[in-house]
Structures are given as C-alpha cells and as structure tokens.
Amino acid sequence: MPQTDRLGSDTPHLALYLPHRPNNMEHLVDTPSAQALVMANSNHWRKIVTLLAKIASPAAEDWRQFRDGPLFQNTALCFNPELNNHARWHWIGGKDNLGRFTPLTHQAAPLAGCPEVTIDPALRLLLTPYPDYRQLSNRTVERIRAALTALDFYGEPLP
C-alpha cells in the first residue's frame, strides 16, 4: 500500500507538518482518531495530538473533548514537505523539518516573549519547535493561542 502524505481532514483548518509518519498509518487513514493513533504508536504521538488540540481547539478549555472528538475532522497531520493548498493555516513543527520545505519564502516574525515561535499572517504560517511539551509549554501554547486569536484564527468557521 502506498504511503499517504496526510492523516485527517482534506480541508483542514490547521495542518501540522511533521517529518515522519506514525506506525500503522494505513489502518488510521480511513477513520483517524487521536486514541487510535496513540494506541498504534506511542506516548510521543499523544504529546503531538494533545498539542495540536490545545492550539486548534476553538475553545481553549475544551481541548480534551476536541482531541478526543472532532480533531481530525478539523485538522490534519501532513508528512510531505509542501504546504497543503486546502489548509487554512499551516504549522511547521521543528527547525530541521522547516529546512525540508524548499523553497518556502516567508516573513514570519517572532512572537513577543517567545522568540522560538514565529508567525507569518500573510501565509497563515506558524513555525514552532518540534511539538513536544518541553519545547511547547502551556505558557507558550497560551501565547500562540493569543496571537492566533488576534489573527481571527478562532473566529473563522471550522470546515
């Protein structure tokens, strides 16, 4: 079976780009869920889907329900180094991963108080360290959400 370049929505509100695919992905493609992804893989993927939910959830306090419910109806994990033309917003996780996206010209500016996170509003592009709790603390997630709120990310209707 050929490898797929995406897990989740065909038209995601937020696409998270990662350099590697999860194990057993062929069994997850048709009906992706955070629980199935974690069960088929590891705690590493639990951290990724949790951070994705914390950032993408329309209501910050409801991220758990979002992760365990409509996460993959509204987001996608993408694995090829090219932006998904159908995604409203793009999140590239990791500096090494960003290097795979050539040529990608952007004007991402650092977030105030969070220089390791940059945003290019024109491209709707979020650049962060690799999605891991050590690098994306709750405080950093709150700053990302505040910046995305100011850019009307949460005001846009979900697909």
Side-chain angles (χ1 to χ4, degrees), residues 3-94 97-98 101 104 106 108 111 117-133 135-138 140-159:
Q3 289 188 330
T4 183
D5 67 343
R6 178 188 44 76
L7 183 63
S9 174
D10 290 333
T11 57
H13 192 73
L14 177 63
L16 171 57
Y17 301 86
L18 297 170
H20 56 279
R21 291 168 174 77
N23 296 325
N24 301 315
M25 193 163 139
E26 64 277 3
H27 300 293
L28 300 168
V29 171
D30 292 332
T31 55
S33 77
Q35 182 181 17
L37 175 64
V38 172
M39 287 178 58
N41 287 271
S42 66
N43 191 46
H44 169 78
W45 286 97
R46 183 183 60 80
K47 293 174 186 178
I48 291 170
V49 295
T50 294
L51 285 165
L52 178 58
K54 285 183 173 186
I55 289 174
S57 178
E61 64 277 2
D62 292 337
W63 67 264
R64 286 177 186 84
Q65 290 88 348
F66 188 76
R67 178 197 60 201
D68 298 339
L71 178 69
F72 286 117
Q73 294 166 8
N74 299 293
T75 66
L77 297 175
C78 298
F79 308 104
N80 284 346
E82 57 189 52
L83 298 182
N84 176 336
N85 292 331
H86 302 290
R88 292 189 186 165
W89 274 84
H90 309 277
W91 171 12
I92 299 175
N97 189 27
L98 175 60
F101 287 76
L104 176 63
H106 62 83
L111 226 50
V117 175
T118 60
I119 296 180
D120 183 334
L123 288 180
R124 294 180 168 210
L125 178 64
L126 170 65
L127 305 173
T128 71
Y130 190 82
D132 183 273
Y133 297 149
Q135 299 184 69
L136 294 176
S137 66
N138 283 336
T140 301
V141 168
E142 288 170 10
R143 287 182 174 162
I144 291 169
R145 286 189 62 88
L148 292 176
T149 297
L151 295 169
D152 205 28
F153 175 88
Y154 303 103
E156 298 173 3
L158 293 174

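Owing to the predicted nature of the structure, the values given are computational and were not obtained by experimental measurement.
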Side chains of F79 and P22 in contact at under 4.5 Å (non-hydrogen atoms): yes
Matching residue for W91 among L148, L16, L127 - test: side chain to side chain contact (heavy atoms under 4.5 Å, CB included): L16
Intermediate values then yes/no, side chain to side chain contact (heavy atoms under 4.5 Å, CB included), Y17 and N84: CA-CA 9 Å; Y17 301 86; N84 176 336; 3.4 Å; yes
Test side chain to side chain contact (heavy atoms under 4.5 Å, CB included) applied to F153 and H13, step by step: CA-CA 9 Å; F153 175 88; H13 192 73; 3.3 Å; yes
Shortest non-hydrogen contact between G93 and P131, atoms and distance: CA-CD, 4.0 Å
OG1-CD distance between T128 and Q135, expressed to the nearest 0.5 angstrom: 8.0 Å
Separation of N23 CG from L37 CG (nearest 0.5 Å): 9.5 Å
Contacts of R6 that satisfy salt bridge (Lys or Arg N to Asp or Glu O under 4.0 Å) - sequence neighbours left out: D10
Counterpart residues, side chain to side chain donor-acceptor pair (under 3.5 Å), relative to N24 (two or more places apart): none
Minimum side-chain heavy-atom gap L125-T118 below 4.5 Å: no
Gap between atom CZ of R145 and atom CH2 of W63 - 0.5 Å precision: 11.5 Å
Contact check, side chains of N74 and L14, non-hydrogen atoms, under 4.5 Å: no
Partners meeting side chain to side chain donor-acceptor pair (under 3.5 Å) with N41 (sequence neighbours left out): none
Heavy-atom donor-acceptor pair, S57 side chain to A60 backbone, under 3.5 Å: no
P129 and L136, any side-chain heavy atoms less than 4.5 Å apart: yes
Straight-line distance of L111 CG to R143 CZ, nearest 0.5 Å: 8.0 Å
Within residues 42-52 or reaching into it, pairs that qualify as side-chain hydrogen bond (donor to acceptor under 3.5 Å, both in side chains) - sequence neighbours excluded: H20-H44, N43-R46, H44-Y130, R46-Y133, T50-R67
Test item: R124 and L151 side chains (from C-beta on) under 4.5 Å apart, heavy atoms: no
For S33, all residues meeting side chain to side chain donor-acceptor pair (under 3.5 Å), sequence neighbours excluded: none
Minimum side-chain heavy-atom gap L52-L77 below 4.5 Å: yes
Side-chain heavy-atom pair L104, L98 within 4.5 angstrom cut-off: yes
Derivation of the side chain to side chain contact (heavy atoms under 4.5 Å, CB included) call for L7 and R21: CA-CA 9 Å; L7 183 63; R21 291 168 174 77; over 6 Å; no
Candidate pair L28 and F72, rule side chain to side chain contact (heavy atoms under 4.5 Å, CB included), full reasoning: CA-CA 11 Å; L28 300 168; F72 286 117; over 6 Å; no
Side chain to side chain donor-acceptor pair (under 3.5 Å) partners of D30, counting only residues at least two apart: none
Enclosure of Q35 CD (heavy-atom neighbours >12, cutoff 6.0 Å): no
